[in-house]
Amino acid sequence: MFQYVLFDLDGTLTDPKEGITKSVQFALLQQGIHEKKLDKLEPFIGPPLKYSFMEFYRMSEEEAVIAVGDYRKRFAPIGIFENKVYPGIPELLVKLKEAGIKLAVASSKPEPFVNRILEHFSLDRYFDVVVGSGLDGSLESKEEVVEEALHRLDELCRKDKSDVLHYEDDRDETDLDREAGDMAACGRGAMIGDRKFDISGGKEFGLTAIGVAWGYADKGELEAAGADYIAKNVKQLERYLLDSGYSGKKGEECKQKVPQGKNEKKEDEKEMKSGFLKTWDMLLPFLLYYIGSNACYIVLITMLQLLSRWGIAFGWLQGNAAAVNSMVRIFAMLGGGAILFPLYRKEKTSWQAKTGASFLTMGILAGSAALGINILFGLLQIMSVSREYEQVSEVQYQIPLLYGILLYGLISPLAEEMLFRGLLYNRMKKYFPVMTSAIVSSLLFGVYHGNVVQALYGLILGLVIVYCYEVTGNFKIPVFVHSTANIIVFVLTYHRDMSEALGTPVNCAVLLAVSVFSIINIQRRRAFT
């Protein structure tokens with residue numbers, strides 16, 4: 001088994017196509033080159049950008065350096081998060097760490113970007129060493145990046161072991177020494193990547209060079225580069241690294257061990273089981289919240305019924321039915337939230353902002369969007385299509401104002417954001433693209449409210465909340481946006497005459513326009529952060 005493994009980032013751990021190709025497209029546009037087809041820009045994924053601009057668009061070195069600068073203007077604030085983790089990668093990293101293998105990232109992407117991406121997807125916890133190119137132009141080639149990663153691994157392993165192999169920092173070492181692969185005190189290692197640059201970078205230092213077929217290599221590229229093994233999927237890579245890989249004897253040839261016959265059927269069964277576990281992982285928080293909140297609701301209602309039957313506080317309960325109902329809902333939500341909280345803490349959700357977007361701007365967006373959508377629904381008479389919504393609305397506005405603010409402005413946003421954004425959305429992002437995760441989690445958020453009108457409203461508001469969350473990376477923001485939207489809509493529409501006065505086409509247009517300008521303002525702030 002390998003003692004350490006180096007991973008490429010783009011095309012190996014994550015799929016960065018959207019962010020990289022759109023940023024390359026932007027950089028080309030600054031040079032007067034209009035490239036409409038993003039698929040044509042896929043070769044930029046993997047190799048150093050400067051050389052790609054020079055190779056594919058015949059730029060001089062000076063022009064290529066300028067193009068790289070333009071690329072980073074879009075990539076740093078936006079493109080870096082237009083990315084997704086390949087399915088199965090987090091599980092693979094967990095198993096490698098449990099096996100005691102030291103892990104490193106060796107990427108041609110600038111190191112600050114690599115760290116931000118790993119942190120964004122919570123992959124940073126698995127890696128002992130992270131190396132990327134320098135923003136100042138240092139470590140340009142893959143070989144230099146791999147060598148630096150080996151240096152850092154060597155230093156790390158020397159702290160853990162006393163009788164280790166010595167790694168000489170000498171570029172003139174013999175081919176025999178390089179073939180031995182003992183470039184780090186950790187022992188034998190492998191380099192994993194999706195392009196020929198990863199394969200050549202690993203073989204330069206005697207590492208077992210493993211290609212992955214799910215990346216962006218051309219047909220036959222990895223074979224031509226001399227890959228020792230090519231994994232068709234993450235499961236094959238896992239088996240090779242943990243079970244059927246290098247035997248420990250120097251010079252032994254690496255062989256591909258692809259499952260055949262009955263083994264293939266077993267692998268299909270494993271994949272199905274893995275799919276079930278992923279679904280369970282995503283939906284478990286929803287199930288726990290549903291059970292917890294309903295259990296608390298049933299217990300409280302039963303207690304109130306018993307009090308009424310025994311004649312205890314019967315008159316007060318009857319005279320304050322709306323207030324009592326709101327308190328029951330508050331305690332039910334708190335009960336569901338309490339059950340979710342241990343799971344939420346394990347997610348390690350960030351409470352630190354990654355951009356300069358202000359709470360004021362987010363609040364304006366939340367209030368204008370929520371109120372504008374409500375007015376639009378009223379003008380289109382969407383509310384009238386659902387009798388269930390009319391019943392919910394009638395009960396909602398019988399609640400005393402202060403109880404309503406507490407319920408809709410504090411308790412509901414905290415509990416629901418913990419469920420839908422803190423757990424459900426963040427877990428979905430491990431397996432699906434951000435857009436898919438945003439739409440599905442927002443749709444579930446809408447359906448959770450139990451009627452067609454609120455389902456549609458919840459879907460739209462949910463997408464706004466996810467957008468604000470993704471822009472900032474700060475979990476305070478979805479709670480704040482949800483709370484602001486609820487309070488503004490509840491307070492301004494609490495009295496029917498106020499609701500009718502606000503419900504004009506002009507007010508609707510103005511509020512929706514304010515929402516659009518708020519998003520533009522957020523994007524501008526994002527670009528300069």
Side-chain angles (χ1 to χ4, degrees), residues 282-302 304 321-340 366 369-371 373-378 380-399 403-425 428 437-466 478-479 481-483 485-490 493-494 499:
M282 290 182 287
L283 295 182
L284 177 61
F286 192 87
L287 180 62
L288 289 176
Y289 181 81
Y290 180 83
I291 293 172
S293 59
N294 278 281
C296 289
Y297 183 84
I298 292 170
V299 169
L300 288 169
I301 288 295
T302 302
L304 290 173
V324 171
N325 181 51
S326 64
M327 292 306 297
V328 170
R329 293 177 63 188
I330 286 172
F331 282 113
M333 285 187 173
L334 288 174
I339 290 178
L340 288 184
L371 201 54
I373 294 167
N374 270 276
I375 294 174
L376 179 63
F377 281 13
L380 297 176
Q381 297 184 339
I382 292 177
M383 277 80 161
S384 61
V385 304
S386 173
R387 186 162 186 171
E388 291 82 0
Y389 171 75
E390 292 178 350
Q391 293 172 345
V392 169
S393 181
E394 185 176 347
V395 172
Q396 177 175 310
Y397 289 105
Q398 288 177 354
I399 296 174
Y403 283 93
I405 292 174
L406 177 62
L407 174 60
Y408 301 118
L410 180 61
I411 305 302
S412 174
L414 276 172
E416 292 177 0
E417 289 311 310
M418 189 189 304
L419 171 60
F420 288 101
R421 256 63 65 175
L423 286 166
L424 183 60
Y425 173 66
M428 288 192 69
S437 302
I439 293 173
V440 174
S441 62
S442 298
L443 183 59
L444 288 173
F445 174 59
V447 171
Y448 157 81
H449 288 84
N451 60 79
V452 175
V453 176
Q454 285 183 300
L456 181 57
Y457 173 75
L459 170 61
I460 299 171
L461 183 63
L463 291 172
V464 172
I465 294 173
V466 168
V479 176
V481 170
H482 193 160
S483 176
N486 281 5
I487 289 174
I488 288 177
V489 171
F490 181 73
T493 59
Y494 188 73
S499 180

Seminar exercise, completed: Contacts of Tyr425 meeting side-chain hydrogen bond (donor to acceptor under 3.5 Å, both in side chains) (sequence neighbours excluded), chain-then-number -> Glu470
Exercise. With distance as the sole test, does Ser441 use its side chain to make a donor-acceptor pair with the main-chain N or O of Ala438 at under 3.5 Å?
Worked result: yes
Residues 283-301, side-chain donor-acceptor partners within the protein, below 3.5 Å, at least two apart:
unit_1	atom_1	unit_2	atom_2	d
Ser293	OG	Tyr289	O	2.8
Ser293	OG	Tyr290	O	3.4
Asn294	ND2	Tyr290	O	2.7

For this session: Measure the shortest side-chain to side-chain distance between His482 and Asn486 over non-hydrogen atoms and say whether it is less than 4.5 angstrom.
Result: yes
With sequence neighbours excluded, tell me which residues meet side chain to side chain contact (heavy atoms under 4.5 Å, CB included) with [X].
| X | result |
| --- | --- |
| Ser483 | Pro413, Ile487 |
| Ile411 | Ile330, Met333, Leu334, Leu406 |
| Val447 | Leu443 |

Seminar exercise, completed: Residue set satisfying ring-ring contact (aromatic ring centres under 6.0 Å, His included) with Tyr408, at least two apart, ordered chain then number -> Phe490
Problem set entry | Any pair counted as salt bridge (charged side-chain N to carboxylate O under 4.0 Å, His left out), so long as it reaches residues 449-461, sequence neighbours left out | none
Which pairs of donor and acceptor atoms, one on a side chain in residues 449-461, lie under 3.5 Å apart (sequence neighbours left out)?
unit_1	atom_1	unit_2	atom_2	d
His449	ND1	Phe445	O	2.8
Asn451	OD1	Val453	N	3.3
Asn451	OD1	Gln454	N	2.8
Asn451	ND2	Gln454	OE1	2.6

Problem set entry | Pairing residues for Glu416 by the salt bridge (charged side-chain N to carboxylate O under 4.0 Å, His left out) criterion, not counting sequence neighbours | none
For this session: Using the side chain to side chain contact (heavy atoms under 4.5 Å, CB included) rule, take Met418 and Val479 through it: C-alpha gap first, then chi angles, then the decisive distance, then the call.
Result: CA-CA 8 Å; Met418 189 189 304; Val479 176; over 6 Å; no
